[in-house]
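Please read the structure below before turning to the comments.
Just so you know, these numbers use all the heavy atoms, side chains as well, and skip hydrogens, waters and symmetry mates. Ligands are counted one by one from 1 in listed order, and the atoms in each one are counted from 1 as well.
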Amino acid sequence: MKPSGICILGSTGSIGQNTLAVIALHPERFKVIALTAHNSVDTLYEQCCIFKPAFAVLMEPQAAKNLQSKLTQQGISTKVLCGLQDLCEVVSLPEVDKVVAAIVGAAGLLPTLNAIKAGKQILLANKEALIMAGDLFLATASRTGATLLPVDSEHNALFQCMPPGYQTGSRPQGVSRLILTASGGPFLKTAKSAFKEITPEMACQHPNWKMGKKITVDCATLMNKGLEVIEASKLFCFNHDEIDVVVHPQSVIHSLVEYHDGSQLAQLGTPDMRIPIANCLAWPERIASGATRLSLTQVAELTFLPPDVDKFKCLSLAYNALCLGKAAPTVLNASNEVAVQSFLQQQMCFSQIPSIIETVLQTFYDLAANSLEEILLADKLARERTFDLIQAGA
Ligand SMILES: NC(=O)c1ccc[n+]([C@@H]2O[C@H](COP(=O)([O-])OP(=O)(O)OC[C@H]3O[C@@H](n4cnc5c(N)ncnc54)[C@H](OP(=O)(O)O)[C@@H]3O)[C@@H](O)[C@H]2O)c1
C-alpha cells in the first residue's frame, strides 16, 4: 500500500506534535510531505531532521532563512518556504492526501479553505476556522469532494458514535440530540467573585488535558465548549436546541449521541489527543495511537452536572451567537481571540473576557457572512472593536 502524503499545518503545536507522535509509530503508512509553523525554528528543525519533509513553511522571513541554513548545514534537503501564499500552496500539492489543520485561531482559515478547495482529506483541529466559515467550508467540500474529519476529541467521539457510513456535513439518520461533555476547566469549583484574581498562569493549568495556551484559557472560561457547540452544529447539521453540554470532570466520556429510540452511544478513552488523531489518520481503519488504555476500575467514578451558565457566561454567548447566525459566530470568535491574547499578556483581567465579547457581539452580530470577503471583514471589525475596548479599559 502506498503511504498517505501528510501536510501538518501547525506541526510545532500540541496537536501537531501529537500527530507526529502517531505518525512515527506507522512509518509504512504515512509520508510527511510538509510541516508548517509560525516562527518556532528550533522545534521545526528537529521535526525536519526526523521526518525529512519535502517542504517546511514558516510565516516570518528571518525565521525561514535561519531554518533553511540549519537544514542545509545538516545536509537535509527540505525546502523552506515562507508566508501565507506558500502555506496555501503546500496544502494543495498533488502528493498531499491528508491535511492536518492544527494552526490555532483565524490564521488557519485560508490554508484550510485552500486544502478543501483542493479536495483533500482534512483532519480538522482548528475549530476557530470552522466557526468563522463553517457554511463556506461545507459547501466547498461538497463541491470538491474534500472530507472533513473531526480531530477535536468531543466531535471525534460524536463522529465515532454516528451511524455506519456517516459523513460530516450531513444530518445523521436516527439521531435526535448531541451531548458534549466538558471537564469544567480549572475553575469549576472557584467562586465567581474570585474570577478577577485569576492570573494567566492559573488559567493555563488544565486539570486533564495538556494543550496550547489559547485553547487552555478557552477551557477555563468555557468558551471552548461554546465554540464546540457551534462546531458540532456546523459539522453534524444540528440546531442550538438539539445540542446539550454536560460537565463531566473526569474527561473519560468524550461525548454522546442520542438516537430517536432513547439509546445514547458514547465514546470513552483516556484524555489523550493521540486517540482522536489516530482515528482520523487511519479512518475508516483503526491503528495504534500509543495512548495509555483506559481502566474503568481505576477511574472508579464518573460524575455529571449541568454547566453553570451564570458563572461561565461565555457558554451562553456562544449559544446566542449560534442562534443569531450570520456573522455572529465569526464576531464571537474574533473578539474571543483578541480578549484571550490580551488576558495572556496581562492587559485585562479574566472576568472581563465575557463582558467585552458581549459588547462586541451586540455591535456586529447582524453583519453578513455569505462570502469569504464578508467573513474576513466581520473578523477584522470585531478584532478592532475588541482591541479598542481593551485599550479603553472597558
Ligand atoms: N491542543 C489540543 O489538545 C486541542 C484539542 C482540540 C482542539 N484543538 C484545536 O487545535 C488547534 C491547535 O491547538 P494547539 O493546542 O495545538 O495550539 P498550539 O499548541 O498553540 O499550536 C499552534 C500551532 O499553530 C502555529 N501558528 C500559530 N499562529 C500561527 C500563524 N499566525 N500562522 C501560522 N501558524 C501559526 C504555531 O506555530 P509556532 O509554534 O511557531 O507558534 C503552532 O504550530 C486550535 O484550534 C485548538 O482549538 C487543540
Side-chain angles (χ1 to χ4, degrees), residues 7-22 34-48 56-60 62-64 66-67 80-88 90-91 99-112 114 122-132 149-158 180-183 204 206 208-221 223-228 230-232 235 251 254-255 270-277 279-280 291 333 336-337 340-341 344 379 383:
C7 167
I8 306 179
L9 298 169
S11 65
T12 53
S14 163
I15 292 288
Q17 296 193 33
N18 276 309
T19 304
L20 287 171
V22 177
L35 296 176
T36 87
H38 184 231
N39 58 6
S40 293
V41 173
D42 293 345
T43 310
L44 196 52
Y45 168 73
E46 281 165 26
Q47 293 178 342
C48 289
V57 189
L58 283 163
M59 300 310 287
E60 291 183 6
Q62 192 53 49
N66 292 348
L67 178 63
V80 182
L81 306 171
C82 180
L84 184 60
Q85 197 177 335
D86 286 345
L87 199 58
C88 289
V90 289
V91 297
V99 175
V100 182
I103 290 176
V104 61
L109 173 63
L110 293 178
T112 306
N114 254 45
I122 316 294
L123 282 59
L124 188 77
N126 180 201
K127 65 188 82 180
E128 297 90 349
L130 183 80
I131 283 147
M132 292 173 74
L149 300 175
V151 169
D152 214 351
S153 59
E154 294 76 1
H155 305 76
N156 184 265
L158 295 172
L180 294 170
T181 53
S183 70
C204 286
H206 195 282
N208 305 336
W209 296 93
K210 201 170 171 310
M211 306 178 286
K213 280 187 179 169
K214 192 262 176 183
I215 184 175
T216 308
V217 174
D218 284 346
C219 288
T221 59
M223 179 57 93
N224 183 51
K225 210 47 57 181
L227 297 177
E228 287 178 5
I230 304 174
E231 185 182 2
L235 282 173
S251 298
H254 297 303
S255 280
T270 48
D272 187 326
M273 286 308 294
R274 288 175 298 175
I275 297 175
I277 290 169
N279 177 260
C280 290
N333 176 67
N336 181 57
E337 280 192 34
V340 169
Q341 189 59 28
L344 285 170
D379 177 80
R383 279 171 199 272

Quiz item: Who pairs with H155 by ring-ring contact (aromatic ring centres under 6.0 Å, His included), at least two apart in sequence or on another chain?
Solution: none
Quiz item: Taking any residue with a non-hydrogen atom under 4.0 angstrom from an atom of ligand 1, which ones do you get?
Solution: G10, S11, T12, G13, S14, I15, A37, H38, N39, S40, M59, A102, I103, V104, A107, A125, N126, K127, E128, D152, M211, G212, I215, M273
Self-check item: For R274, all residues meeting salt bridge (charged side-chain N to carboxylate O under 4.0 Å, His left out), sequence neighbours excluded
Solution: D272
Quiz item: So, do L130 and L124 sit near enough that their side-chain heavy atoms are less than 4.5 Å apart?
Solution: yes
Self-check item: Modelled atom types, side-chain donor and acceptor of K127 and N333, under 3.5 Å
Solution: no
Quiz prompt | Partners passing side-chain hydrogen bond (donor to acceptor under 3.5 Å, both in side chains) against N39 (at least two apart in sequence or in another chain) | solution = none
Quiz item: How long is the span from the NE2 atom in H38 to the CG atom in L87, to the nearest 0.5 Å?
Solution: 10.5 Å
